[in-house]
Novice: 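One structure coming up, written as structure tokens, with questions to follow.
Every value quoted in this text rests on a predicted model; they were computed, and no experiment measured them. Chain A is the first sequence line, chain B the second, and so forth, proteins listed ahead of strands; every chain is numbered from 1.
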Amino acid sequence: MEQEQAIGAKRVWESVKLYTVKCAKCSKWRLIPTKEKYEEIRERIVERSFLCDTARAWRPNVSCNDESDVKQDDSFLWAMDRPRIPQTPPGWQRILRIRAEGGTKFADVYYVTPSNKRLRSMVELSRYINEHPHLKGVNISQFSFQPPVPLDEKYIAKRARSTTHDTSSTPAAGAYHALQTQNDSSGVPESATTEAKAPAQS
DNA sequence: GCCACCGGTGGC
DNA sequence: GCCACCGGTGGC
């Protein structure tokens, strides 16, 4: 019944403000116009590198000669998605919620079903699918609860990591693309955010 | 040690 | 009373 644009109607909202992907050639950021497009690129980013040319699909004249669409400064909280996250099935929504700074986790991923039910884990997802025969065609391999990684590792409270050895010097090493989230809450963190800037070599 | 999962609860 | 958010922890 009240399926009415349900999704996106009220409570369901996304922490992500802008979707951006880095050009594999010139390393400039290109804004991705829609979440759907972003998810499509993200799924195949390993097989198909993103280039400024790719953005011509929605920006006919853009090229590596144009400056970056967005500066990677501290006006946003940056996070890198992992590659190979499947596109969200039609009728569903994949929602990312960034947690408060200084907590034990960075973000939560959840899926909203076509009938507006919020699911928090693979367990809940498969149970829900089993209990709803009309969703039998839905394969759980189309879902991933893997959250992105913050570029600023200090955003999360330090664990018993100690010694901070170089082991994790490059956060999200394999990930090619990133998303931005709004960094409201605090005033000007400023401190070290800019240092976390993309090591993005090789 | 990490993280997927879920219970508790504070704020609405 | 509900639910968004967070922390604890069991299983790997």
Side-chain angles (χ1 to χ4, degrees), chain A residues 1-19 35 38-39 42-43 45-46 74 76-89 91-132 135-136 138-187 189 191 193 196 199:
Chain A
M1 47 181 236
E2 34 134 22
Q3 165 107 351
E4 46 151 355
Q5 51 174 336
I7 316 244
K10 299 191 206 166
R11 319 211 168 97
V12 179
W13 72 287
E14 178 88 38
S15 293
V16 179
K17 181 75 171 177
L18 297 172
Y19 294 95
K35 182 180 182 179
Y38 174 79
E39 289 195 344
R42 177 177 62 190
E43 181 176 39
I45 190 74
V46 176
D74 61 358
F76 287 96
L77 173 64
W78 286 77
M80 280 263 189
D81 257 324
R82 292 265 166 62
R84 296 185 199 284
I85 293 174
Q87 284 182 253
T88 305
W92 295 67
Q93 270 209 316
R94 187 180 190 270
I95 301 295
L96 180 69
R97 301 258 39 211
I98 305 297
R99 292 192 176 192
E101 186 169 4
T104 56
K105 290 193 193 66
F106 176 61
D108 294 297
V109 174
Y110 62 89
Y111 282 89
V112 180
T113 72
S115 51
N116 222 16
K117 166 92 173 152
R118 171 182 167 133
L119 303 176
R120 302 185 294 166
S121 66
M122 277 299 193
V123 174
E124 288 185 2
L125 175 70
S126 28
R127 187 192 305 137
Y128 187 88
I129 290 175
N130 286 334
E131 289 172 353
H132 296 76
L135 295 177
K136 273 295 158 58
V138 177
N139 191 311
I140 59 168
S141 68
Q142 298 174 271
F143 298 83
S144 167
F145 287 87
Q146 187 162 39
V149 177
L151 288 200
D152 177 11
E153 347 180 285
K154 295 189 178 119
Y155 190 84
I156 305 174
K158 266 212 163 90
R159 296 171 165 278
R161 173 152 298 194
S162 74
T163 58
T164 11
H165 273 311
D166 56 347
T167 48
S168 61
S169 56
T170 55
Y176 291 75
H177 52 305
L179 51 85
Q180 294 185 308
T181 63
Q182 200 163 24
N183 187 7
D184 42 337
S185 60
S186 61
S191 54
T193 36

Novice: Take atom CD1 of Ile98(A) and atom C1' of dC5(C), then tell me their distance rounded to the nearest Å.
Specialist: 13 Å
Novice: Quick check: closest heavy atoms across Ile140(A) and Met122(A), and the distance to 0.1 Å?
Specialist: O-CE, 3.6 Å
Novice: Considering all heavy atoms of both residues, which atom of Pro147(A) and which atom of Val109(A) are nearest to each other, and what is their separation?
Specialist: CA-CG2, 3.7 Å
Novice: Whole Å only: how far is the CZ atom of Phe106(A) from the P atom of dG7(C)?
Specialist: 15 Å
Novice: Once the angle between the rings of Tyr38(A) and Tyr19(A) is folded into 0 to 90°, is it parallel (under 30°), tilted (30 to 60°) or perpendicular (over 60°)?
Specialist: tilted
Novice: Counting just side-chain N and O atoms, does Arg97(A) come under 4.0 Å of either OP1 or OP2 of dA4(C)?
Specialist: no
Novice: Over how many whole Å does the gap from Phe143(A) atom CZ to dC5(B) atom P extend?
Specialist: 14 Å
Novice: How long is the line joining CG of Leu119(A) and P of dA4(B), in whole Å?
Specialist: 16 Å
Novice: Would you call Glu14(A) and Lys35(A) a salt bridge, taking side-chain N to carboxylate O under 4.0 Å as the test?
Specialist: yes
Novice: How long is the line joining CD1 of Ile156(A) and C1' of dC6(C), in whole Å?
Specialist: 13 Å
Novice: Out of curiosity, Phe143(A) CZ to Ile85(A) CD1, how far, rounded to the nearest 0.5 Å?
Specialist: 13.5 Å
Novice: How many whole angstroms separate atom CZ of Phe145(A) from atom P of dC5(B)?
Specialist: 8 Å
Novice: Grab the CZ-P distance between Arg127(A) and dC5(B) for me, whole Å please.
Specialist: 11 Å
Novice: Rounded to whole Å, how long is the line connecting atom CZ of Arg99(A) with atom P of dA4(C)?
Specialist: 14 Å
Novice: With 3.5 Å as the limit, what N/O pairs link the protein to nucleotides 8-10 of chain B?
Specialist:
none

Novice: Taking NZ, NE, NH1 and NH2 as the nitrogens, is one of them in Arg127(A) or Glu124(A) under 4.0 Å from a carboxylate oxygen of the other?
Specialist: no
Novice: Testing the basics here: between Pro148(A) and Phe106(A), what is the closest heavy-atom pair and its distance to 0.1 Å?
Specialist: O-CD2, 3.5 Å
Novice: Looking only at the side chain of Pro147(A) (C-beta and beyond, no hydrogens), which of the listed nucleotides dG7(C), dA4(B), dC5(B) gets closest?
Specialist: dA4(B)
Novice: What nucleotide among dC6(C), dA4(C), dC5(B) has an atom nearest to a side-chain atom of Arg118(A)?
Specialist: dA4(C)
Novice: Can you find a side chain N or O atom of Ser121(A) that sits less than 4.0 Å from OP1 or OP2 on dA4(B)?
Specialist: no
Novice: Give the angle between the helix axes at the two ends of the helix from dG1(B)-dC12(C) to dC12(B)-dG1(C), taking five base pairs at each end and rounding to 10°.
Specialist: 10°
Novice: State whether Arg120(A) and Asp108(A) are salt-bridged, where the test is any N-O pair (Lys NZ or Arg NE/NH1/NH2 against Asp/Glu carboxylate O) under 4.0 Å.
Specialist: no
Novice: Decide whether Ser115(A) and Tyr128(A) meet the rule of one side-chain donor and one side-chain acceptor closer than 3.5 Å.
Specialist: yes
Novice: Any side-chain N or O of Thr104(A) less than 4.0 Å from the OP1 or OP2 oxygen of dG7(C)?
Specialist: yes
